[in-house]
Protein chains: 2
Amino acid sequence: MNTATENWIDRFTGLMKLEAGIRDRLVSGSSVVSLSKDTVIFGPDKKPEYLLLLLSGTVRVQQISESGREIVLYRVYAGESCVLTTACLLAYEDYSAEGIAETDIVAAAIPRSVFDELVATSDTFRQFVFSAYSKRITDLFLVIEEIAFQRMDIRLADKLLQLAGDDDLVVSTHQQLAAELGTAREVISRQLREFQRRNWINQSRGQIALQDTSALKKLSDTIV
Amino acid sequence: MNTATENWIDRFTGLMKLEAGIRDRLVSGSSVVSLSKDTVIFGPDKKPEYLLLLLSGTVRVQQISESGREIVLYRVYAGESCVLTTACLLAYEDYSAEGIAETDIVAAAIPRSVFDELVATSDTFRQFVFSAYSKRITDLFLVIEEIAFQRMDIRLADKLLQLAGDDDLVVSTHQQLAAELGTAREVISRQLREFQRRNWINQSRGQIALQDTSALKKLSDTIV
DNA sequence: TGCCCTTCAGTGACGATGTCACCAAAGGGA
DNA sequence: TCCCTTTGGTGACATCGTCACTGAAGGGCA
C-alpha cells in the first residue's frame, strides 16, 4: 500500500481529526478498491456489504419505478460517503434504489463489522457518519420539494448548470435528462427547444452547449 | 415514576432485548414527557434537543415550500422513534421540515448526550437506531416515487383508506388532503366529486364517509 | 331569531405537464 | 452502401396546477 492510499483519510474533512488509534484501525480494517464505470454498486438484487468512502469519481443513486421511469435521487462525489447504504446494510426492507458508478471510481471499502466497531469507539467517526446522514436526508427533502412544487423549466435550467463542465457543455441525451428530473423525454425536448429558440443553448446530438449561462442562472434562481 | 412509565421500553420491539445495564441507563437518562396536540416539536426555528420515542399519539412530519404549499413526508406512530431528528441535532444545514403533534402525545425524550452514549455502548441500541433510519429513508423513497410517477386519483384513494378510522370516516378538509399529497385543493375537490359520482364516498363539510372501500382499494392497488 | 363573518367547497378557463403514436434524422457497423 | 439502432421532433389529447370568482355551511353574537 503506497503513501497515497494510506493517507486517503485526509481527503475527508470529517475524518481528519480522527484519533490516531482509530485512524490505524480504519486503514487496517478497510481496503481501497477500484470499480469501473457503470458498475452497479448496490441495488434491489445486490445488497451492499461495505460502506464506501469515495476517493475519486462519482456515484449516481437513482430509483426505478415499476413502470420503468427513473429519477436521480442524489450523487456521491469524491470526499463523500455512500452512507445511506449503511441503513441498507440492515435492510429494513427492500431498497428500491440503486447506486451506479458514473465514472471509474476509487473508494475505501469499510466492512460492516469495522463500521460497527468504529461507530462504537470513536466520537469523531460517529459524528462523521451522522453528519453524512444529515446531508443525504436534507438532499432528499430538497428533491421532494422540487418534484412537488417546482416548474420544469426552472428545474431543467438548474440541472443543466449543475451538469455542465467548465466548458459549459452538457453531454447527455434528452432521455437521460428526463431520468435526472423524473419526467418524460418529450417534456425535456420541448423545454430545450424553447431554450434554443432564446439562444440560451445550442443543441447537437447527445450534447448541449450552454450559450447564455447567466440567463439560465437567472431562470433557475426564480422563486415561484 | 410508576410502573407503566418504567416499562415503556417494552413497547419498542427493537429495544426489548436491551442489556439490563443499558436499559437502566436509558430509563434514568431520559424522561417521559407529554405534549399537547398541535405542538411544534421541531422545525426551522426550533432545533430538536432530544430524540423522541413515541409512547402514544402520532407526529406528522411535513415540509412547507417558500410558496406556502405543504406536503406530508411521513408520520411517526406510537412505538416508533422520531429518529431523523438525530440527524437534525447535528444540523448539517437548515432543516426545512417540521414535526407537529397530530394528537396529544406521550413520549420518552432522550437527550443528545445519552443518545450518544447509548449508541457507543450498546449494539442493540445502535441496531435500533440504524433500523429506524432505514425505515424512514425507505419511506422517503416511496414518497418520491409516488409524487413523481403516480396518478392523483390513485394517491387520493390510497390516502383516504390510510386516514379512515374503523368507522370508514375521514375527518379532513379538502385543503388538508391537498397538503397530505402536495397538490392543490381544487384537484382534490375534483377527484372527490368524481368519487362521489361513483358512490364510492359521501361528502359533507369537513368529512368524508367511505361508502365503497373495496372500490377505493381496487383503484389504489392499480399499477400504472 | 336573525345577521355577520369565517371557513369550506364548487366551478370555468387556461396554462403546464404527462402520455401516446408516429415520424425523421444521425451515426455506427456489417 | 445499406441497415438498424439511437436520438430527437411533433401533434393530439388527458391530467394536473393556477387563478379568479361564487356560493354554501356553520358558528358567534346582538
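Just so we're on the same page: letters track the sequence lines, and every chain starts at 1.
With D/dT15, D/dG17, C/dT7 as the candidates, the nucleotide lying closest to the side chain of B/R205 is C/dT7. When the nucleotides D/dT18, C/dT17, C/dG10 are ranked by their closest atom to the side chain of B/Q203, C/dG10 comes out on top. With D/dT18, D/dT10, D/dA12 as the candidates, the nucleotide lying closest to the side chain of A/R190 is D/dA12.
Inspection of the A/E145 and B/S65 side chains reveals no N or O donor paired with an N or O acceptor under 3.5 Å. For the residue pair B/D212 / B/S214, a side-chain donor-acceptor distance below 3.5 Å is found, with atom types taken as modelled.
Summarising the geometry, the separation between CZ on A/R69 and P on C/dT17 is reported as 13 Å, rounded to the nearest angstrom. For the pair B/R151 CZ and C/dT17 C1', the computed distance is 13 Å after rounding to whole Å. Residue B/E186 contributes atom CD, which lies 12 Å from atom C1' of C/dA13 at whole-angstrom precision. Put simply, CZ on A/F149 is 15 Å from P on C/dT17, counting in whole angstrom units. Residue A/L219 contributes atom CG, which lies 13 Å from atom P of C/dA16 at whole-angstrom precision. For the pair B/L156 CG and D/dC16 P, the computed distance is 10 Å after rounding to whole Å. Atom CD1 of A/I208 and atom C1' of D/dG9 are 14 Å apart (whole Å). Distance B/I154 CD1 to C/dG18 P: 16 Å, rounded to the nearest Å.
Residues passing the salt bridge (Lys or Arg N to Asp or Glu O under 4.0 Å) test with A/D221, sequence neighbours excluded: A/K217.
In summary, B/D139 and B/R136 engage in a salt bridge, as defined by a charged side-chain N under 4.0 Å from a carboxylate O.
Judged by distance alone, the side chain of B/S220 and the main-chain N or O of B/A157 form no donor-acceptor pair under 3.5 Å. In this structure a side-chain-to-backbone donor-acceptor pair under 3.5 Å is missing from A/R60 to A/E102. In this structure a side-chain-to-backbone donor-acceptor pair under 3.5 Å is missing from B/D104 to B/S36.
Within residues 173-184 of chain A, the residues that place at least one heavy atom under 4.0 Å from DNA chain D are, in residue-number order, A/T173, A/H174.
When the side-chain nitrogen and oxygen atoms of A/Q191 are compared with OP1 and OP2 of C/dT17, one or more of them lie within a distance under 4.0 Å. Within the structure, every side-chain polar atom (N or O) of A/R193 is placed at least 4.0 Å from both OP1 and OP2 of D/dG8.
Positionally, the nearest nucleotide of DNA chain C for A/M152 lies more toward the 5' end than for the other of A/M152 and A/R185.
Five base pairs at each end of the helix from C/dT1-D/dA30 to C/dA30-D/dT1 define two local axes, and these are offset by 20° (rounded to 10°).
Residues A/I201 and A/L192 have side chains in contact (heavy-atom distance under 4.5 Å, counting atoms from C-beta outward).
Here the options are A/E186, A/R185, A/Q203, the test is side-chain hydrogen bond (donor to acceptor under 3.5 Å, both in side chains), and the partner is A/H174; only A/Q203 passes.
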